[in-house]
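Whatever order the structure lists them in is the order used to number ligands and atoms, beginning at 1. Just so it is clear, the structure is predicted and the values come from calculations on it, not from any experiment. Just so you know, residue 1 is the first one in the sequence shown, and it goes up from there.
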Amino acid sequence: MIGEKKVLYSGMQATGTLTLGNYLGALKNWVGLSGEYECFYGVMDLHSLTLRQDPPAFRKNARSLYALYVAAGLDPEKNCIYYQSHVSAHAELGWLLCCFTYMGELSRMTQFKDKAAKHADNINAGLYTYPVLMAADILLYQADLVPVGVDQKQHLEICRDIATRFNNIFGDVFTIPEPYISASGAKIMSLQEPEHKMSKSDENPNATILLLDDTDTIIRKFKRAVTDSEHEIRYDQEKKPGISNLIDIYSVVTGKSRAEIEREFSDGGYGAFKLAVGEAVAAELKPLQARYQELLADKAYLDARIKENDEKAQYTANRTLRKVQKKLGLTERIR
Ligand code: ATP
Ligand code: LTN
């Protein structure tokens with residue numbers, strides 16, 4: 001708790017441009033929750049380094065991510081939006097928690113297995129200990145709630161295990177966080193291979209809708225979306241993954257239920273439905289894109305918010321870090 005409010009914590013890696021999956025699975029939910037909680041949102045640039053980054057592009061992506069958080073509706077004067085690398089407590093607590101995490105636990109992480117298979121030439125130790133740094137992110141702010149897409153559930157579970165283990169030895173140091181996985185939008189699938197999640201690192205540009213794609217591009221990508229050889233707009237994730245994904249996307253964007261959508265398009269073909277989904281998504285993203293351009297143009301405004309929020313995050317994180325150091329028996333600084 002901070003004052004009267006419970007604490008919410010989340011973040012995304014600063015890699016590439018965000019997709020519709022990131023938006024509907026995470027960012028849009030954050031905006032919905034932000035009034036009720038004391039919120040911290042990180043630009044997770046340290047996590048991004050588990051894959052090789054091109055420094056100038058990386059720096060640009062991180063700022064773009066910051067601006068997208070704000071453009072999506074997170075007010076940086078009410079929410080603490082900051083860069084993970086500007087708060088050194090993350091790396092410090094990450095190390096301390098590594099000493100309370102077992103190799104066996106980390107070896108079971110599916111994201112590690114997937115990424116190791118995909119980047120066989122760079123299976124670095126950071127990729128392996130990624131969930132420990134993520135646990136440090138969350139625990140430093142004593143978060144009660146962590147809204148993420150369903151792919152991050154396993155990381156939340158290991159975070160809770162590490163925190164509980166630590167608390168069992170040293171007393172109530174950490175708040176045990178709850179995951180928040182919204183039913184709708186939790187897993188938006190690729191438009192080209194609807195059995196796989198939409199991912200910003202996908203190499204096929206037609207598979208993903210990027211938040212900064214223009215209207216024509218969005219509509220074109222939806223028109224090309226892989227579906228099936230039937231003509232019926234019916235939700236069936238197993239047999240009709242492509243159409244089911246489009247129904248889910250349309251449902252989150254318009255607020256209509258799956259049944260309402262099936263009825264609405266019962267006598268139209270796939271073409272008309274795909275166009276409707278494309279238009280609805282483009283309309284949803286348009287105001288966000290306009291706000292994004294305004295923010296990037298106003299350097300002084302963003303810089304001022306970054307500076308004040310970095311300081312706020314440092315203050316909160318350092319309080320927890322000092323408590324942990326003391327519990328562990330590390331020698332206190334002489335003042
Ligand atoms: P990558 O594909 O490069 O690993 P990513 O697109 O999964 O990256 P992350 O930074 O790992 O992006 O995820 C940011 C947030 O977006 C997380 O909460 C994650 O669960 C959510 N998310 C990512 N992809 C999807 C998706 N397809 N559907 C729903 N939520 C998603
Ligand atoms: N692993 C997360 C990004 C992330 C995160 C966090 C999310 C890093 N630290 C702390 C929530 C809380 C992902 O979405 N891939």
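- Between the CG atom in L20 and the CG atom in L210 there is a gap of 9.5 Å [rounded to 0.5 Å].
- In the vicinity of K187, heavy-atom distances shorter than 4.0 Å reach the ligand 1 atoms 28 (N), 29 (C).
- Y292 is listed as a side-chain neighbour of L212, based on a closest heavy-atom distance under 4.5 Å.
- Evaluated for a salt bridge (charged side-chain N to carboxylate O under 4.0 Å, His left out) with D248, the options R258, K197, K256, K187 yield exactly one hit, R258.
- Close approach of ligand 1 to V148 (heavy-atom distance below 4.0 Å) involves ligand atoms 18 (O).
- Using a 4.0 Å cutoff on heavy atoms, D151 counts as a contact of ligand 1.
- Remark: K312 is positioned above the aromatic ring of F40, its terminal NZ or CZ atom under 6.0 angstrom from the ring centre and at most 45 degrees off the axis.
- Numbered from 1 in the order shown, with element, the atoms of ligand 2 that lie under 4.0 Å from a heavy atom of Y9 read 10 (C), 12 (C).
- Y82 and Y141 have their aromatic ring centers within a separation under 6.0 angstrom.
- Residues K240 and D228 form a side-chain contact, since some pair of their non-hydrogen atoms from C-beta on lies under 4.5 Å apart.
- With ligand atoms numbered from 1 in the order given, ligand 1 contributes 29 (C), 30 (N) to contacts under 4.0 Å with heavy atoms of G25.
- For the pair M198 and ligand 1, the shortest N or O to N or O distance falls below 3.5 Å.
- Residue contact check: K197 has heavy atoms under 4.0 Å from atoms 5 (P), 7 (O), 23 (C), 24 (N), 27 (N) of ligand 1.
- Residue contact check: Y130 has heavy atoms under 4.0 Å from atoms 1 (N), 2 (C), 3 (C), 13 (C), 15 (N) of ligand 2.
- Contacts of K200 with ligand 1, taken as heavy-atom pairs under 4.0 Å, involve both backbone and side chain.
- Ranking protein heavy atoms by distance to atom 9 (N) of ligand 2, first place goes to D137 OD2, 2.6 Å.
- The N/O atoms of I188, backbone and side chain alike, include one that comes under 3.5 Å of an N/O atom in ligand 1.
- Close approach of ligand 1 to Q152 (heavy-atom distance below 4.0 Å) involves ligand atoms 20 (O).
- For R52, the CZ atom sits in a loose shell: 12 or fewer heavy atoms of surrounding residues, nucleotides or ligands are nearer than 6.0 Å.
- Residue I138 touches ligand 2 through its side chain alone, judged by heavy-atom distances below 4.0 Å.
- Distance from atom 2 (C) of ligand 2 to its nearest protein heavy atom, with residue and atom name: Q152 OE1, 3.4 Å.
- Annotation: G149 places an N or O atom under 3.5 Å from an N or O atom of ligand 1; distance criterion only.
- Proximity to H47 (heavy-atom distance under 4.0 Å) selects the following atoms of ligand 2: 8 (C), 9 (N).
- Taking the centre and axis of the six-membered ring of Y301, the NZ or CZ atom of R305 falls inside the cone set by 45° and 6.0 Å.
- Annotation for ligand 1: atoms under 4.0 Å from non-hydrogen atoms of S199 are 1 (P), 2 (O).
- Of the protein's heavy atoms, G11 O, 3.4 Å lies nearest to atom 7 (C) of ligand 2.
- For a threshold of 3.5 Å applied to N or O pairs, the pair formed by K115 and ligand 1 contains at least one separation below that value.
- In this structure, Q289 and D213 approach most closely via the heavy-atom pair NE2-O, 2.8 Å.
- Less than 4.0 angstrom separates some heavy atom of V146 from each of these atoms of ligand 2: 11 (C), 12 (C).
- Ring centroid separation for the pair Y250 and F265 comes in under the 6.0 Å cut-off.
- Within the 4.0 Å heavy-atom shell around ligand 1 one does not find M44.
- The N/O atoms of G21, backbone and side chain alike, include one that comes under 3.5 Å of an N/O atom in ligand 1.
- The contact set between ligand 2 and Q13, taken as ligand atoms under 4.0 Å from a residue heavy atom, comprises 15 (N).
- Not a single heavy atom of T15 lies less than 4.0 angstrom from ligand 1.
- Placement of L51 and L49 in two distinct hydrophobic clusters is found when ILVMFWY residues are connected by side-chain heavy-atom separations under 4.5 Å, directly or transitively.
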